[in-house]
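First the proteins, then the strands, lettered A, B, ... as listed; each starts at 1. Note that the structure is predicted; figures quoted are calculated from it, not measured.
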There are 2 protein chains.
Amino acid sequence: MIWRDEHGRRLDDYPQPSVAVDVALLTLDQDGRLAVVVHARPGAHEHGRPALPGTFLRVDRRETLREAALRALRDKVNVTGREPRQLAVFDDPDRDPRGRVLSVAHVDLVPPDRITGTTGVLAPVGPLPHPLAYDHERVVAAAIDHVRAAYRRLPDPAGLAGAEFTLLELQQVHEAVLGEPLQKDTFRRHTAPDLVETGRVRAGTVGKPARTFRRR
Amino acid sequence: MIWRDEHGRRLDDYPQPSVAVDVALLTLDQDGRLAVVVHARPGAHEHGRPALPGTFLRVDRRETLREAALRALRDKVNVTGREPRQLAVFDDPDRDPRGRVLSVAHVDLVPPDRITGTTGVLAPVGPLPHPLAYDHERVVAAAIDHVRAAYRRLPDPAGLAGAEFTLLELQQVHEAVLGEPLQKDTFRRHTAPDLVETGRVRAGTVGKPARTFRRR
DNA sequence: TCAATAGTGTCTCTGAGACATTATCTG
DNA sequence: CAGATAATGTCTCAGAGACACTATTGA
């Protein structure tokens with residue numbers, strides 16, 4: 001069955017764009033600060049500026065955008081992503097000199113232990129050290145907005161603190177993501193209703209042992 | 001200059017998808033309820049189910065997604081849109097029987113007087129009378145979430161109440177969008193800081209004349 | 001004067017935020 | 001016991017929400 005539109009034309013009688021995905025893969029660096037994974041082998045047309053991991057959507061494999069985002073993370077920076085989420089479509093006709101390329105920007109936030117084997121480079125967010133390729137700075141900005149909004153709503157939705165954690169550990173993760181210090185009693189009261197106690201404590205250090213929690 | 005990727009292939013050596021835009025065009029119907037504009041001439045593959053106005057992105061015209069959304073509104077339902085905003089990309093490989101079609105869903109919210117000459121049909125949102133084509137019910141749901149969030153933040157961001165309005169008129173617009181009754185004194189105190197008085201009043205009816213306001 | 005609508009004073013309740021105190025561990 | 005960290009009692013303040021009262025018009 002060949003479908004035709006109201007002008008009698010088939011789908012591929014119109015020129016089609018290329019569709020790419022780009023992923024702002026965020027994590028915490030060794031200093032506990034929010035960082036983004038970039039890779040330093042961009043196309044020659046990008047003058048060596050580091051780029052976010054990205055790839056083209058493989059229509060011939062019936063791939064979804066989510067699958068393409070996960071594949072980009074695996075192939076470009078050797079990270080198994082977790083849950084890439086769409087941010088926006090960047091569609092400036094001139095954004096890519098190779099032709100008309102729409103980019104579906106994604107964000108993913110993963111614990112640092114998933115980053116260990118990466119072939120990418122951790123760049124702390126904030127004032128980025130070097131300009132990124134394409135419009136990727138805007139992608140990173142949107143990604144940060146997204147994860148900060150999520151962390152204001154719920155305790156550690158991405159599980160950066162691991163499965164079991166003390167409230168201090170959880171607070172430090174939130175401070176890293178939000179980029180601002182938090183007050184411990186306010187933080188405790190705000191997050192406790194969404195946590196369940198494990199019944200265990202984290203001993204071995206000086207001071208009163210802290211109870212550990214899991215996310216609900 | 002012909003750019004090639006790391007496998008030595010050009011952009012169009014890979015199959016490309018078609019990219020469509022679909023617009024959930026919301027407005028208020030004559031009863032002051034939130035409604036969506038649909039058109040009843042969908043493709044034969046949609047078994048006559050009404051669809052949101054949509055069209056394919058015309059890459060050959062260097063069109064942006066925003067421009068395609070505005071063109072869809074003009075050509076399909078004869079409405080001049082205002083400010084279509086991206087919601088999400090729907091990318092299920094089977095969502096369209098004609099082939100691989102990505103749909104970039106948009107939302108726009110316009111005053112009722114822009115709808116007067118439409119060739120579309122106003123369908124009140126909520127339990128929709130008939131199922132919509134494709135995955136357009138999900139688009140409408142996302143669109144409603146979007147406009148309700150916007151109306152909870154600011155007074156009438158889409159200008160449904162016109163340029164000059166009384167607080168009662170503004171409240172009725174908000175009640176229509178949010179789908180719930182509001183309290184007049186709370187509403188007044190919440191919105192007044194974001195409004196400027198015109199100095200004029202709306203007289204002619206019974207009762208104390210109401211001052212009129214403009215959005216800042 | 002009455003009915004109708006506009007506008008405001010004020011009370012209560014809730015939750016955020018901050019300070020200070022108590023509790024419980026190690027050395 | 002001293003020092004360190006965990007956990008909580010409690011005070012204050014701001015804002016949402018609701019009720020009731022006052023103000024101003026047309027009929």
**OP:** Write down the distance between CG (B:Leu182) and P (D:dG17), rounded to a whole number of angstrom.
**Re:** 9 Å
Subject >> Atom-pair distance (CZ on A:Phe187; P on D:dA7), nearest Å >> reply: 13 Å
**OP:** Specify the residue among B:Ala210 and A:Gly207 whose closest nucleotide of DNA chain C lies further upstream toward the 5′ end.
**Re:** B:Ala210
Original post:
If you check the B:Arg189 side chain, which of D:dA18, D:dA6, C:dG7 turns out closest?
Top reply: D:dA18
**OP:** Verify the contact: side-chain N or O of A:Gln183 to OP1 or OP2 of C:dA18, cut-off strictly under 4.0 Å; return yes or no.
**Re:** yes
**OP:** Identify which nucleotide among D:dA18, C:dG17, C:dA4 has an atom closest to any side-chain atom of A:Thr186, counting heavy atoms from C-beta outward.
**Re:** C:dG17
**OP:** Starting at atom CZ of A:Phe213, determine the distance to atom C1' of D:dA6, rounded to an integer number of angstrom.
**Re:** 10 Å
**OP:** Check every strand shown and say whether A:Arg211 touches a base, only sugar-phosphate, or nothing at a heavy-atom separation below 4.0 Å.
**Re:** sugar-phosphate
Subject >> Pair A:Arg58-A:Arg71, side chain to side chain contact (heavy atoms under 4.5 Å, CB included): steps then yes or no >> reply: CA-CA 10 Å; A:Arg58 290 296 296 263; A:Arg71 178 169 59 79; 3.3 Å; yes
Subject >> Atom pair distance, as rounded to whole Å: CG in B:Leu168 and P in D:dT24 >> reply: 19 Å
Original post:
Nearest of C:dA23, D:dA23, D:dA18 to any side-chain atom of B:Lys208?
Top reply: D:dA23
Original post:
Any sub-3.5 Å donor-acceptor pair from A:Thr212's side-chain atoms to A:Glu164's backbone N or O?
Top reply: no
**OP:** Verify whether one side chain among A:Asn78 and A:Thr119 offers a donor that lies under 3.5 Å from an acceptor in the other.
**Re:** no
**OP:** Take A:Thr80 and A:Arg114 through the test side chain to side chain contact (heavy atoms under 4.5 Å, CB included) and record every step on the way to the result.
**Re:** CA-CA 7 Å; A:Thr80 56; A:Arg114 290 207 173 204; 3.6 Å; yes
Subject >> Nearest-angstrom distance from the residue atom CG of A:Leu167 to C1' of C:dA23 >> reply: 16 Å
Subject >> Rounded distance (Å) that lies between atom P of C:dA6 and atom NZ of B:Lys184 >> reply: 7 Å
**OP:** Between D:dA4, D:dC19, D:dA6, spot the one nearest the side chain of B:Asp185, thanks.
**Re:** D:dC19
